[in-house]
Every structure is written in C-alpha cells, then in structure tokens.
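Sequence lines set the chain letters: A, B, ... in the order given, protein chains first and strands last, and positions in each chain run from 1. The figures that follow rest on heavy atoms only: side chains count, while hydrogens, waters and symmetry mates do not.
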Protein chains: 2
Amino acid sequence: MPTLPTYADVVHAAERLEGHALKTPLLHSPALDEIAGAEVHFKAECLQHVGAFKYRGARNRLGAMSEAERARGVVAFSSGNHAQGVARAARELGIDAVIVMPSDAPQVKVAGVLADGARIISYDRATESREQIAANIAARDGRTVVPSYDDPHIIAGQGTIGLEIARSGLEFHAVVVCMGGGGLCAGITLAMAEESPSTHIFGAEPEAYDDHRQSLRAGERVRLSGAPPTLCDAVMTPMPGELTWPINSRHLQDVFAVTDEQCLRAMRLAHEHLGVTVEPGGAVAMAAVMEGKLLGRYGRVAVTLSGGNVDPAVLERALAG
Amino acid sequence: MPTLPTYADVVHAAERLEGHALKTPLLHSPALDEIAGAEVHFKAECLQHVGAFKYRGARNRLGAMSEAERARGVVAFSSGNHAQGVARAARELGIDAVIVMPSDAPQVKVAGVLADGARIISYDRATESREQIAANIAARDGRTVVPSYDDPHIIAGQGTIGLEIARSGLEFHAVVVCMGGGGLCAGITLAMAEESPSTHIFGAEPEAYDDHRQSLRAGERVRLSGAPPTLCDAVMTPMPGELTWPINSRHLQDVFAVTDEQCLRAMRLAHEHLGVTVEPGGAVAMAAVMEGKLLGRYGRVAVTLSGGNVDPAVLERALAG
C-alpha cells in the first residue's frame, strides 16, 4: 500500500500550484444563510481552471513527474472533471495525455478535454472496465496512470483548498465537502486537521452513491453494487478510496445523502444568489446544507462547490425549478 | 471642488475593506483567449458581495463616516448596483439607508436593496431629478449623500480592484474597464499608475452612452442629451464625473463603444466559458475585447466583469444567443 499523504504534502502542493491554480473565492449570500440556518461561505471551485477542483490534484501530480516520465506521457480515466484537469495540466507541462472516458460523459466535459489537445478513448460504463483499459495503455506505452483520487499527490493537490479555507481570515465551525472517491475530502481534512483542528468535517453524496455514508456506519469500506442512474456524474463512485478512506474515516463527523432533485434546487440557488453555474455532482454539499442538514448546529460553515461543468439541458432543468 | 483621491487613499481603502470585500478571482479560459487574440483574465466583480464592485466604494465611504454622521443615516441614488452596495454596507455598519431608484430599475436590484433593509424611494427617470430628490431628503433628515462615483472615498474603494489586479502575480499589458460615471476606471487607474505604470488603460461603454469616448476626443467633458434605451442600466451616465474625469482623461488610451447585442454575446460567453452570470452593463468591457478591439495588440489583458445583477428575461435572451 502506498504511503498516505500528509499535511506537509499539502503545503508542498500549494507551493507547486502557486501561480497556476486559481485561489477561488468564498462566496456568501445572506439569502442563502437564511435557508441554511448558518453563515455559509461557498468555496467556488466551479470557477477553478477547467471548472472543477480536479485541476489542482492533476497539476500537482503531473508537476511531480520526472522528465523521463513526462516524455512517456500520461493516461487517466474519468467521467470528465479529472479528465479535463489532467488534459489542462498536461498541456501546460508539455505532456502527451490519453483520457479514458465513458461514452455517456457530458458533452461539455468531452469538449473541454479535446480543446486541451488530449486524446479520448471511450468505453461503455456498463460493460467495460476503465481501469483495465487504462492499465493496458500504460503497459503498452510506458505512460504514467494518473488516478482520480487514490494517489498521494492528487489528494495533496486537492488539499490546497483546505489551506485556502483555513487561511481565509474566517473561522469555520464546520466544512461540508462533496464526495466521490473522497480525494477532495481527504485533502481538505489533512489541511484542516492541522490548521483548524476544531472544525468539524462533513461529507455529502448522492443517495444512490452513498458509499461513504454506508462505510462510515459499517466501520469499514463498503462497495455498492449496480450503477443506478444519477445526474451527479462527477461523484458516481461505488466505494471509498484505499488511500482516502483511512484519512476520511478518522475525521468525518457524518455524511449526508441528497437526491438529484435537491442538487437541482441547489444549482438554482447558486445561480440566483451567487451568480455561478454549478453541476449536479458539484452541488451535493450545497444541497445538503440547503436542505437544513446543519440547521442551527454551527455558526459559520464552508461548503465546496466542486465543479460547474454541466450540459445546457440539465442546467435548464435546474433553473426551471 | 473636492480634493482628488490619490494612490494612498486606495491603499487606505484596501485596509478598510480587508475582511469585508471579497478578493475576487481573475477568471481565465483558453477558448476566450482565442476569440480575443490575447491572454485575457476577467476580474469577476460580478461575484463581489451584492453582485457588483459597488460594494467596495460604498463600504469604504460609509466606513469613513463619523459616529455622528452614521447616526443620521445616508441617502443614495442609483439604478441598482450602487444602491445595493450602500444598502449592504449600511446594514453591516448599522446605518439607516434610503435609496432613490428609478421606477424601471431591474427587479433583482430592487429585491436586493429591500433584502438588506434599506427603504426605496422611486422616481421617474424621464421626468424627475434623482439628485434633487436625494438632496431634499439629505437636507430634511441630515443624512449624508453617498454619490455613486463622484466622491474620493468611492473612487478609492473601487481602486482596490486595481491593487488586486496589480498584485495578482501576473503582469498585464492592458486593462479594459467598464465605464458609467468613471469611478471604477479612476480607482483602477490610481492603483495601476503607481503599481504597474506601463499597463495601458482602456475604457468601454455602451454606444448610446459613449460620453467618455466623446469627451476624450473633444478634450473636455461632453454631456450627452436624451436618454436612449439600453440594456446596460448600470452604465447609463450622460457625462464623465467631475472627480473621475481629471484622473481618467490623463491615463485612458482609448474608450471602446459596444452595442447591446455585443453585450448579450459577451454574457453568453461568460456563462459558457467562465461559469458566471454577468449583467449587460457589467459586460461592456468583455464585449469590447470579444469583438477584437485589442486583437493582437497586447499579450496579457485584464478585463472587468463589473456586475452580475440581471433579470431572468434578459439573461435568457443572452443565453439563447
């Protein structure tokens, strides 16, 4: 098992990302405070380069590669945001990138990957294994596989969001984080545990993919079966990560599960009151807070808006209310 | 004539705004770079508290008031963004606020003012003088009039945007700024002239309200006649300000004029590629750059997105393309 990332890795990642990743704002709206029953500040990673926090981890991972590794290229698999993060970081660093994407990935994410010059290999989410396809390509070309969460550099890169929250000048009593494989939450947890240890950490997931919630209750990693449909393509993960789980399970207070409809409502509220576009999977933490999951329990809360790449039809559905 | 604000006033304003105004991000999209023919970073003041840069000036102005002045309250006139900035700053500082607003102000701006607890006095843009109404209220109640641009504290507050651009870690060859009364541009100019003197400053206005462009060509302040319709309610100003003009006229390279249709296109591009909502008047600088006004002339350009408060019907029209 690879070594777990540490707080020092997050600090190192922040140095590596300086001048590259955007320091995203904490957006605030009194109208949303009233709905949430708390003073809520939204960490708007939907404004990050490529429209999602994934750029941070990808840039940190690729930035740590040797010249020899860079020359042989990278391969990644992802429904879209990690794909775009890897494609952008690869372009910036002059690395050739191949991305394995499901055939039903949102068009906006496919377009983003192609615009950054990466090649796409499509697969069928129901019948093929993206891990196997990527492993085969890696073995054939000598490419480095860039995992979307189970990697110390990826987790450390996402953790820079936690540093920015902890160093914002505001003291937060709780943080609520969108969870897929748990990389974002693990990174933020590493940063907060060191810089703001009294802050409580909560996760949020789609109801149909509540593997962290179930795992937390079972006291061990639970793997979900089946692949139920959800609008939250960015967080369709059946099981907590091997590296992320040991970090998250030690610190998570609880994990909230939300419906697609609650995510659509959160997207509408983000549009109306914050002026930003959020995708369904990037809205799960906001949805939990807007449903009153923390009502009256904490004074000031930070919530991740982890991505904003949504196809127009889904956004229209959200805004129609 | 009141004293002109200086660079030192901008630095002082930044201290006063610390922990209050949001340090907004500079958003970037390779797709927009291609359209503009330059590397363009968008200063997203549409994400500022109340959805517009006006919060900065208002907070700085009200923050500079004495206890005795605060107790007597403030009065301001504005089509909406300055109104909301004053209402929010007043609420934060415990000051009673009356806002004189045109009867055709966007509903979203009226709602914002009311939500922050300010009282509204409506007037008819065509037949009444908002200056006179505000002056009467000020005389009657002893309230302080908070002008929307012709005030040293207001200009200095907006200038903190220039400090953030100059201190972003990126060197900009040009800045393009939305112009109504010229307060935003004057403030940014004070900051840039000191911290990045080689950066060229450009303004942008709606074609129907190109008073700065005409004034620059005439070599003196020109007052436009009539009140032609425009979607850019935030920048319907007939004449450069008394305080803003001496600053802007010394530094402006040129002023671009754009049509409503060009602003709507810029709003759509901001939505698609940056994930933010911009209002027509907040999109004039972006519209100028997206129309290729700087094509190939500068390597790296900063552009203000000065506000994002737009009624749904106008936003829909923009997104429909």
| note | Those residues of residues 31-49 of chain A that come under 4.5 Å of chain B on a heavy-atom basis, listed by number, are A:L47, A:H49
| query | What heavy-atom pair brings B:P25 and A:K23 nearest, and what distance separates the two atoms? | reply | CB-O, 4.5 Å
| message | Tell me which of these, A:H273, A:R88, A:H28, has more heavy-atom pairs under 4.5 Å with chain B than the rest. | response | A:R88
| message | Between A:L315 and chain B, with a heavy-atom cut-off of 4.5 Å, which part of the residue counts as in contact: side chain, backbone, both or neither? | response | side chain
| Toward chain A: residues of residues 165-172 of chain B with heavy atoms under 4.5 Å | none
| field | Non-hydrogen side-chain atoms of A:E272 and B:P312 separated by less than 4.5 Å | value | no
| Mind checking whether B:L22 and A:L27 have side chains closer than 4.5 Å, heavy atoms only? | yes
